[in-house]
Amino acid sequence: MSVGIWTFAFDAAPIGQVREAAAEIEELGFDGLWFGEYPGREALTQAALLLGATSRITVATGVARFDRRSPAGVAGGARALAEAYPGRFTLGLGGHARGARPVESIRAYLDEMDAAEFTSPEPVPPPRRLLAALGPRMLRLAAERADGAHPYFVPPEHTALAREIMGPHAYLAVEQGVVLDRVRGLDIARAEVGFYLESAEHHRVNLKRLGFTDDDLAGSDRLVESVIAIGEEEIAGRVKAHLDAGADHVCLQVITDEPGLPLAGWRRLAELVL
């Protein structure tokens with residue numbers, strides 16, 4: 001199984017602690033290290049710091065926001081990281097498009113990225129490029145204009161749909177939220193799910209596309225437990241479900257109501273899934 005760690009926790013920690021944590025995640029045996037950019041350190045700079053602190057693991061932006069940087073800037077930064085750390089950097093790209101046509105906005109952004117000219121050497125291999133994709137049109141774009149997709153906040157049913165839409169060759173890296181505490185897990189997971197249901201209409205639309213009802217979107221146990229794996233006994237099975245549905249890689253996000261880096265959770269995940 002190809003399994004990584006996904007986290008929002010790096011931005012609240014000093015960079016020295018972040019680099020030490022990255023080295024430990026690598027030592028634990030995970031294949032990938034993913035981090036978000038909502039808000040916090042500039043994504044490509046933080047990726048460089050994490051790559052420099054490790055020697056094997058893939059470092060991936062999940063995602064670098066295209067609405068915060070120019071197409072040529074992100075293309076040049078990704079090329080530099082791929083040249084310096086061959087085969088170890090993945091550019092997850094997404095964000096919030098201005099206007100009502102996100103697919104067209106990202107397509108135009110990719111056009112500008114690909115048209116940018118550079119005098120620096122061509123990295124071998126080139127950086128893997130993934131799009132934050134949920135709906136069918138964005139998933140098709142991810143297969144056509146990128147190496148694949150990085151869906152976030154999705155159950156295995158979405159993974160199966162994404163694989164069907166993108167075909168057999170596109171790379172599919174799926175984020176999966178997990179709560180290790182079974183006793184308090186449903187409450188912790190419900191708070192996490194509630195945040196996205198209240199603040200992100202595209203996630204609501206995606207879940208309704210998968211068959212969840214308006215009652216579910218009010219925070220039903222069915223929806224919460226479909227999106228978040230709750231309890232240690234559920235986590236390995238959920239990873240397998242995504243892989244069986246067509247994922248190439250599953251990156252696990254420890255959901256907790258405790259501050260700081262979830263080091264204990266990452267260590268326990270290594271015991272459960274690696």
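The basis for the numbers below is simple: all heavy atoms, side chains too, and nothing from hydrogens, waters or symmetry mates.
- Going from atom CG of L134 over to atom CG of L207 covers 8.5 Å, rounded to the nearest 0.5 Å.
- Listed by chain and residue number, R267 satisfy the salt bridge (Lys or Arg N to Asp or Glu O under 4.0 Å) test with E24 (two or more places apart in sequence, or in another chain).
- Ring geometry, F66 versus Y109: the interplanar angle exceeds 60°, so the pair is classed perpendicular (tilted spans 30 to 60°).
- Residues satisfying the side chain to side chain contact (heavy atoms under 4.5 Å, CB included) criterion with D31, sequence neighbours excluded, are S2, R56, H249.
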Exercise. Is there a side-chain contact (heavy atoms from CB on, under 4.5 Å) between V18 and D11 once you walk through the steps?
Worked result: CA-CA 8 Å; V18 170; D11 285 329; over 6 Å; no
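- Looking at residues two or more places apart in sequence or on another chain, you find no salt bridge (Lys or Arg N to Asp or Glu O under 4.0 Å) involving R19.
- The stretch residues 207-234 participates, sequence neighbours left out, in no ring pair (Phe, Tyr, Trp, His ring centres under 6.0 Å) pair at all.
- Judged as a salt bridge (Lys or Arg N to Asp or Glu O under 4.0 Å), and not counting sequence neighbours, the contacts of D181 are R184.
- You'll find the side chain of V224 stays beyond 4.5 Å of the side chain of D221, heavy atoms only.
- Only one option out of L91, L139, V63, L110 pairs with L131 in a side chain to side chain contact (heavy atoms under 4.5 Å, CB included); it is L110.
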For this session: For side-chain contact (heavy atoms from CB on, under 4.5 Å), just list the numbers for I106 and L93, CA-CA rounded to whole Å, side-chain angles, deciding distance to a tenth of an Å, and then say yes or no.
Result: CA-CA 9 Å; I106 294 179; L93 188 64; 5.7 Å; no
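- Residue pairs meeting the salt bridge (Lys or Arg N to Asp or Glu O under 4.0 Å) criterion with at least one partner in residues 105-115, sequence neighbours excluded, are D111-R145, D114-R129, D114-R145.
- Residues satisfying the side chain to side chain contact (heavy atoms under 4.5 Å, CB included) criterion with P136, sequence neighbours excluded, are R140, I165, R209.
- Listed by chain and number, the residues in a side chain to side chain contact (heavy atoms under 4.5 Å, CB included) with A200 are H202, H203 (sequence neighbours excluded).
- Listed for the E37 side chain is a donor-acceptor partner under 3.5 Å among the backbone atoms of A43.
- Between the side chains of E175 and H150, no donor-acceptor pair is found at a separation under 3.5 Å.
- Taking NZ from K208 and CG from D214, the interatomic distance works out to 3.5 Å, rounded to the nearest 0.5 Å.
- Applying the ring-ring contact (aromatic ring centres under 6.0 Å, His included) test to F30 and every residue at least two apart in sequence or in another chain returns nothing.
- The stretch residues 80-94 participates, sequence neighbours left out, in these side chain to side chain donor-acceptor pair (under 3.5 Å) pairs: T54-R88.
- The salt bridge (Lys or Arg N to Asp or Glu O under 4.0 Å) search around R137 returns E104, not counting sequence neighbours.
- Scanning for side chain to side chain contact (heavy atoms under 4.5 Å, CB included) contacts around A170 gives A143, R163, M166, with sequence neighbours left out.
- No cation-pi contact links R65 to Y38, judged by a cut-off of 6.0 Å to the six-membered ring centre and 45° from its axis.
- Between atom OH of residue Y152 and atom OH of residue Y196 there is a gap of 2.5 Å, rounded to the nearest 0.5 Å.
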